[in-house]
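Order of the sequence lines sets the chain letters (A, B, ...), proteins ahead of strands, with each chain counted from 1.
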Amino acid sequence: MRQSKLFIPTLKEVPNDAVVASHVLMLRAGYVRSLGAGIYSFLPLGYKVVKKITEIIREEMDAIGGQEFHLPALNPREIWEETNRVEAFGDTMFHLKNRDYILAPTHEEIITYHARKVVNSYKDMPQIWFQIQTKFRNEPRPRSGVIRGRQFLMKDSYSMDVSEEGLHLSYKAHEEAYKKIFNRCGLKFFVVGASSGAMGGSGSEEFMVKSEAGEDTVAYCEDCGYAANVEVATSNASRKLRDEVSKEVYEIHTPDVKSIDELCEFLKIDESECAKSRVYIASGNPVLILMMGNDEVNETKLQKVLGDEVRPAHPEELKEITGADAGSIGPIGFKGKIYADYRIMNANNMYSGANKNDYHIGGIDFMRDVPSAEYADFRIVRSGEECPKCGAALGVFPAIELGHIFKLGTRYSEAMGAMFTDENSTEKPIIMGSYGIGVERVMACAIEQEHDENGIVWSKSLAPFDIHLLGLNMKKDNVAIASERLYKMLTDAGYSVLYDDRIDAGAGFKFKDADLLGMPLQVVVGEKGLKEGKVELKLRKTGKRVDTQIDYILESVKSLLDELPV
RNA sequence: CGGGGCGUAGCGUAGCCCGGCUAGCGCGCCUGGUUUGGGACCAGGAGGUCGCAGGUUCGAAUCCUGCCGCCCCGACCA
């Protein structure tokens, strides 16, 4: 395509509203424009990328026997009442004002609705139905450009099976398909086991990509592939060993000492000798949580152990409950249930607050002085700690959730009466799975993962064009003629070529645009090279440049593109 | 929904505290010319409800009130 005729509104400066790299670059390179918070228009170049992604998804879904549907975004509300999800979604669901319709945030109900009419026998299964369509969610806070929007493209598929074993096969098929999809998109991803939560069902995994723009925090081991949401992640953090001799408990005047670091500094001790106190309210009752040193309490783990609604105590409550303010609280004299992290289990000669402002207590022996304490893993894993599986160093970082696969079970089929008859003439609910991929997120992640200060670096598989052909000075006949010839040669050879044939743009301008737009290979036609009958090829990703005789262009292009993995 | 920031030409911004504006600058745009290997140069030109509404004032981009929108942090995220 000739760039002079394309709508690619590039921006030299960073738009005021964009912060994360993918958002900035999509706007600057003219791939998308925003229409409102969390609502984006895809411009021609951006839509080309979307189509590349959806085509990869489609191929891999077809390969596992998926059948594509086109489902309504406009849904009668009553269908969603059948599973009680109108209430479950609450304000996140868009409701129409002038008719009792909702805008579909996902499609379990619609799929189940159709399934109950037509899937009646065990002979009808397994089925995999999928769609690649716009979904609507009234997100309270859209953010990070296309990564969290109110309207977004999603590939959703739904499996229907007669047994748990069948569901497992469908689930595994999707897991493998997803790996292929993300690999083909050139993404470096990892799979995190997730608790299935409110979706119901027996298993689920998330496909994640590391990114500063991520909304989840995960712990990941490069060596063995261990990956877990930080809410549930564990590590082999060292435990505090017991000293041979336990000192007596003694009070220490510690004026203005609030934090663990200040306490260590004041007493010249290590933070592993300190028990940090955190007071939580669980179902109205105060509980004390003791952590080693600066370890942070993981509220998800805490909630799991306590089993109740848990919240941190307010500052006023602290004083009332313990007689001291935060920074001077400890287990000795605490009236209420006491929990402690495994790391300081049965430790002795520990320091903690005295429940009296400006005082701490030393020589605490948990076995002797806090015998009622219960121990569990309450800590938030930190980067660099040992992987619980292989002992290598864990990385803890933010990540974007690209895809999620669920074993739904019978939650929707039971609620909506989607039943089938098995070999024994017994009526049973269909066993379902649901599997989603955020299409725009794939695009954003690809950019997050592969870009530099000059712009986007597309993989071959997602790039809107294979080659960016730059005719530097199109007013010179020799440049124009050679460029036109190359354009034809490359196009005829089957490459998709973005041809910068603009007459008025300067050379620097074209280079900057090309780097910003991010096609994998640039072919530069300039007067200098033409004197020797040569043009320059440049790989966007590595910056590698090669001069080639025009007659050998196809060989050179092929060998350079072959250097790229995807 | 809580906290913070912002809203001035297509984009990026100055001016706002301390009212005097006929609103300045860079990029982009238009015309003519010179340029063409990393966002060129010269000359001329067009383009603004200063987010909206109300108020204070002789006078409001500037002060006050309300609203709207956008971004960030948090809460939320089936």
Side-chain angles (χ1 to χ4, degrees), chain A residues 9-20 23-24 27-30 33-39 80 83-93 102 104-109 135-145 147-150 152 154 156 194-201 204 206 212-216 229 231 299 311-312 400-401 404 406 408 411-412 434 436 438 441 453-455 470-476 478-480 500 502-517 522-531 534-536 538 543 545 547:
Chain A
T10 59
L11 260 21
K12 189 168 166 180
E13 292 178 274
V14 177
N16 186 250
D17 286 341
V19 176
V20 305
H23 189 199
V24 169
L27 288 169
R28 283 196 56 212
R33 283 289 119 103
S34 116
L35 191 63
I39 314 176
W80 289 78
T83 53
N84 210 24
R85 285 176 101 198
V86 174
E87 195 190 339
F89 271 106
D91 198 44
T92 304
M93 181 180 270
I102 60 99
T106 174
H107 283 84
E108 278 82 8
E109 277 75 359
K135 315 257 170 170
F136 300 86
R137 292 181 198 181
N138 186 19
E139 293 291 347
R141 181 151 97 81
R143 71 186 93 181
S144 305
I147 291 171
R148 188 170 206 83
R150 294 210 166 110
F152 54 96
M154 191 157 159
D156 244 344
S195 61
S196 31
M199 254 339 243
S204 97
E206 295 172 339
E212 282 307 311
E215 299 181 76
D216 296 282
N229 194 301
E231 287 178 355
E299 294 186 9
R311 64 166 175 86
I400 296 173
E401 180 189 341
H404 202 157
F406 274 107
L408 288 179
R411 170 172 171 180
Y412 295 91
S434 103
R441 284 187 178 185
E453 64 281 3
N454 295 316
L470 312 183
L472 288 191
N473 184 357
M474 294 297 287
K475 283 178 184 163
K476 299 286 181 190
N478 58 339
V479 175
D500 194 344
R502 291 174 298 178
I503 289 174
D504 46 347
F509 201 94
K510 293 190 177 191
F511 285 127
K512 289 288 184 190
D513 258 1
D515 286 348
L516 180 59
L517 298 183
Q522 296 171 11
V523 176
V524 181
V525 185
E527 284 198 276
K528 275 186 188 172
L530 283 183
K531 282 177 186 154
K534 286 180 174 175
V535 294
E536 180 183 273
K538 179 185 143 189
R545 291 159 194 268
D547 283 334

message: Between A:R441 (side chain only) and A:I147 (backbone N and O only), is there a donor and an acceptor less than 3.5 Å apart?
response: yes
Have a look at [X] and say if it touches a base, only the backbone sugar-phosphate, or nothing, with a 4.0 Å heavy-atom cut-off.
X     : result
A:A18 : nothing
A:G36 : sugar-phosphate
A:V14 : sugar-phosphate
A:L35 : nothing
A:A88 : nothing

task: State, yes or no, whether a side-chain contact exists between A:W80 and A:F89 at a heavy-atom distance under 4.5 Å.
output: yes
query: What nucleotide among B:U36, B:C70, B:G38 has an atom nearest to a side-chain atom of A:A37?
result: B:C70
query: Out of B:G38, B:G12, B:G39, which has the shortest distance to the side chain of A:K538?
result: B:G38
Are any of the side-chain nitrogens in [X] or [Y] under 4.0 Å away from the carboxylate oxygens of its partner?
X      : Y      : value
A:K12  : A:D513 : no
A:E13  : A:R28  : no
A:R545 : A:E536 : yes
A:K538 : A:D515 : yes

Which atom pairs link the protein and nucleotides 72-76 of chain B when you take only N or O atoms and keep those under 3.5 Å?
unit_1, atom_1, unit_2, atom_2, d
B:C72, OP1, A:S144, N, 3.4
B:C73, OP2, A:R141, NH1, 3.3
B:C73, OP2, A:R141, NH2, 2.9
B:C73, N4, A:R141, NE, 3.3
B:A75, N6, A:R143, NH2, 3.3
B:C76, N4, A:R143, NH2, 3.3

- prompt: Quick one: on RNA chain B, does A:F509 or A:P15 contact a more 5' nucleotide (nearest heavy atom)?
  reply: A:P15
task: Between A:V535 and A:F152, name the one whose nearest nucleotide on RNA chain B is closer to the 5' end.
output: A:V535
message: Side-chain N or O of A:N16 versus OP1/OP2 of B:C71: is the shortest distance under 4.0 Å?
response: no
message: For B:G38, does the base pair up with any side-chain atom of A:D515 as donor and acceptor (N or O, under 3.5 Å, distance only)?
response: yes
pi-stack flag for A:F511 and B:G38, centroid dist under 5.5 Å, interplanar under 30°: yes
